[in-house]
Amino acid sequence: MLLGTVLVLLLAGAAPASAHAALRGTDPDDGSVVKQAPRHVTLTFTESVGLLDDSFRVFGPDQRRVHTDEATHADGRSDTARVGLPGKLAQGTYTVAWRVVSADSHPVSGAFTFSVGKPSATTGQIDTGPTEDPLTGGLHDAARYLAYLAAALLVGLAAFALLCRPADTSPLRKPLVAAWWTLLGSTVVLLLLRAPYETGTGPAAAFDADALGRTLTGRPGEALLARLIVLLLAAVFLIRLSRRRGPEQRPAVLAIGTALAAALALTWAAAEHASAGIQVPLAMTSSVLHLLATGVWLGGLVALLLTLRRSAGDDLWEVVPRFSRIAFASVTVLAVTGVYQSWRGLGSLSALTGTSYGRLLLAKLAGVCVLLLVAGYSRRWTALIAAPAVPARAAVPAPVPQPVGAPAEGHEAAEGLETGEAGPTSGEPEPPGGPVKPGASGDPGIRRRLRRSVLAEVAVAAVVLMITTVLTGTLPSRAQAEAARQAPVGALPPTTEITVPFDTGTGSVTGSGKVQISLDPARVGENGIQAIVYGSDTGIVVVPEVRITFTLPSRDVGPIDAELTDRGGYWSTNAVNLPLAGNWTMKTTVRVSDVDQVSVERRVRVRP
């Protein structure tokens, strides 16, 4: 019931998408020149995104901010962001700075430009506002790491006490309480910092009541609230667990503890990479298992280290092998779920070295390999502690004559079973000092070496956990590749922006350069063309003539002359009629003087 309640609370309204939103396209296109001022600016992403109060900041040619409407989703689609523009925009270049929140809770931002009529002759550096406040980002990352670490300790220490059953659990109590308070505090900090983290502002914005209210109604805020609820339930559970319980209650205690640990892990899985992308239910399950296995292993290592240092250790010959078996099962779960999550995030083997996500994943893999090597070393000392030490067999004393009337030896043994007293069995005398136990568990040298190797495991695991924290905040390679290969929805076809380089071989400033051509909308019927000529120094230049013609060789149509008109810095027309769909040949001729000109051909696709 607890897991189901948390799942419903956190996943209401979730939709499959690519984890960590990436921009697929903009309308107007980045760097485009439009003949008429657009009524809206629309961005399309690879996944659903959340909008902020200041998701769009538009700056005009005079570098002043343009008044815009409130940001909305275009046509009700959650993977888009749209803002309305004023009815009249001056001619020149506009800069659009944007910031949204991915479905996996991470904010993403960027900027692009478009021009109305023609590009501005000169553009200065425009302050588009904050991208991320360093102090807010640092505090947020530190709180995330502490939350991961505290959760691992909380789960692992409790699991060690329940599954390994050490006789003395007193060394685990203070660390368990400290882990609970650390997780509680880091969760509250994350909840307060959520609003400034999303908007990229300073930590002082954390105390804005309106911003905090918006945080509490968003999915990341709901996940953090659910975590606080689970922590309160876990406190009640731990208090009851501290009281002595009989063996008959152990299954119920294990079931409740497992449910609480899974619910705690779910508060991470429901608000990070697993909550968006392909195979969301399987990814959520894998993420929960991965987090639980991490906690049982890492937290269990700390519990074992504390037990080795502070307890008498009379039962280590039983406790250590139990943890060794549990650790092996945890590593198996980590391997299976880790391979699946890596495949889901990477998308291809080439992304291992070609993307930041892949390189971080390689660093984590290297850390895990070192961790496994140290763990293998620890198992050697674990085997020694568990190995039985057989004492020398004591000499069997000769039978002692019994006085007359004394009970027979068989009768004495039976009487001992009835009263519950132990006695010698079938001629095998009890070894001196009690039953046979492994002798190495009391060897200070063996315990010291095991303690050192476990300490090394804990140190390496802490580094791996830090890399994992950074990895969860990095754009997955699969989403990055998806953004690169998908065409923008609702934007102009990719062939409408064509750059044509030319070189007349004259060696003058205008003898070489490029022509940036915009074909709008690249469909059958009337089209508009704008052509801007740039010189070798990338500045706009004036040339005597630019001529563009279209030919459709497959249907023997053309050439159709666009009949461009010099508009004073650029060439354009609004009346090019392309009657058929297909791959047309666009021939661009640039004349830089009375005798020097060059023609370049490009293929463009005209859609129905």
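Just so it is clear, the values below take in all heavy atoms, side chains as well, and ignore hydrogens, waters and symmetry mates.
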Checklist entry - Short question: side chain of Thr80, backbone of Ala74 - any donor-acceptor pair under 3.5 Å? => result yes
Item to check | Shortest non-hydrogen separation from Leu238 to Ala158 and the atoms involved | outcome: CD2-CB, 4.5 Å
Next on the checklist: Between Trp180 and Leu231 (side chain of the first, backbone of the second, donor and acceptor by atom type, cut-off under 3.5 Å), is there such a pair?
Outcome noted: yes
Item to check | Ser286 side chain near Leu289 side chain, heavy-atom distance below 4.5 Å | outcome: no
Item to check | Side chain Asp208, main chain Asp210, donor-acceptor under 3.5 Å | outcome: yes
Item to check | Point-to-point distance, once rounded to the nearest 0.5 Å, from CG of Leu232 to CG of Leu184 | outcome: 7.0 Å
Checklist entry - To the nearest 0.5 Å, how far apart are CG in Leu162 and CD1 in Ile256? => result 10.5 Å
Checklist entry - In terms of side-chain geometry, is the basic nitrogen of Asp53 or Arg214 positioned less than 4.0 Å from the acidic oxygen of its partner? => result yes
Checklist entry - Looking only at heavy atoms, which two atoms of Ala303 and Leu157 are closest? And how far apart? => result CB-CD2, 3.5 Å
Next on the checklist: Is any side-chain heavy atom of Leu260 closer than 4.5 Å to one of Leu233?
Outcome noted: yes
Next on the checklist: Just by distance, no angles: are the side chains of Ser55 and Arg99 close enough, under 3.5 Å, to form a donor-acceptor pair?
Outcome noted: no
Item to check | Short N-O contact, Asp79 and Arg77, less than 4.0 angstrom | outcome: yes
Next on the checklist: Contact between Pro107 and Val100 at the side-chain level, heavy atoms closer than 4.5 Å - yes or no?
Outcome noted: no
Item to check | Min side-chain heavy-atom separation Leu224-Leu216 under 4.5 Å | outcome: no
Next on the checklist: Between Phe328 and Trp297, is the ring centroid distance below 6.0 Å?
Outcome noted: no
Item to check | Donor-acceptor under 3.5 Å (Thr26 side chain, Asp30 main chain) | outcome: yes
Checklist entry - In terms of side-chain heavy atoms, does Arg227 have a donor or acceptor partner in Thr267 at a distance below 3.5 Å? => result yes
Checklist entry - Should Val41 and Trp98 count as side-chain neighbours, where that means a heavy-atom distance under 4.5 Å? => result no
Item to check | Separation of Leu43 CG from Phe45 CZ (nearest 0.5 Å) | outcome: 4.5 Å
Checklist entry - How long is the span from the OG1 atom in Thr44 to the CG atom in Asp27, to the nearest 0.5 Å? => result 8.0 Å
Checklist entry - Any idea which heavy atoms bring Ser330 and Val296 closest together, and the distance? => result OG-CG1, 3.4 Å
Next on the checklist: Using the rule given for side chain to side chain contact (heavy atoms under 4.5 Å, CB included), can you reason through Thr294 versus Val155, listing the C-alpha separation, both sets of side-chain angles and the distance that settles it, and then say yes or no?
Outcome noted: CA-CA 9 Å; Thr294 300; Val155 171; over 6 Å; no
Checklist outcome for this item: Correct closest heavy-atom pair for Val108 and Ser102 would be CG1-OG, 3.8 Å
Checklist outcome for this item: In short, Val460 meets Gly367 closest at the heavy-atom pair CG1-O, 3.6 Å
Item to check | Test log, rule side chain to side chain contact (heavy atoms under 4.5 Å, CB included), inputs Phe207 and Leu212 | outcome: CA-CA 7 Å; Phe207 303 100; Leu212 183 60; over 6 Å; no
Checklist entry - When rounded to the nearest 0.5 angstrom, what distance separates CG in Leu264 from CD1 in Ile229? => result 12.5 Å
Item to check | Least distance between heavy atoms, Ser287 atom then Gln341 atom | outcome: CA-NE2, 3.2 Å
Next on the checklist: Pair Leu225, Leu191 - check side chain to side chain contact (heavy atoms under 4.5 Å, CB included), show working.
Outcome noted: CA-CA 8 Å; Leu225 281 177; Leu191 195 61; 4.2 Å; yes
Checklist entry - Stepwise, does the side-chain hydrogen bond (donor to acceptor under 3.5 Å, both in side chains) test hold for Arg82 with Thr72? => result CA-CA 5 Å; Arg82 170 177 287 179; Thr72 60; over 6 Å; no
Next on the checklist: Donor-acceptor pair, distance only, cut-off 3.5 Å: does the side chain of Thr187 make one with the backbone of Leu228?
Outcome noted: no
Item to check | Trace of the side chain to side chain contact (heavy atoms under 4.5 Å, CB included) decision for Glu70 with Leu51 | outcome: CA-CA 10 Å; Glu70 183 180 354; Leu51 302 178; over 6 Å; no
Checklist entry - Is there a donor-acceptor pair closer than 3.5 Å between any side-chain N or O of His290 and the backbone N or O of Thr337? => result no
Next on the checklist: Donor-acceptor check, side chain of Ser342 to backbone of Gly338, threshold 3.5 angstrom: yes or no?
Outcome noted: yes
Checklist entry - Is Ile326 close to Cys164 at the side-chain level, that is, under 4.5 Å between some pair of heavy atoms? => result yes
Item to check | Minimum side-chain heavy-atom gap Leu139-Val189 below 4.5 Å | outcome: no
Item to check | Any side-chain heavy-atom pair of Arg194 and Leu190 under 4.5 Å | outcome: no
Item to check | Separation of Leu163 CG from Arg322 CZ (nearest 0.5 Å) | outcome: 10.0 Å
Next on the checklist: Filter on ring pair (Phe, Tyr, Trp, His ring centres under 6.0 Å), then keep only pairs touching residues 136-168, sequence neighbours left out; what's left?
Outcome noted: His140-Tyr197, Tyr148-Trp268, Phe160-Phe323
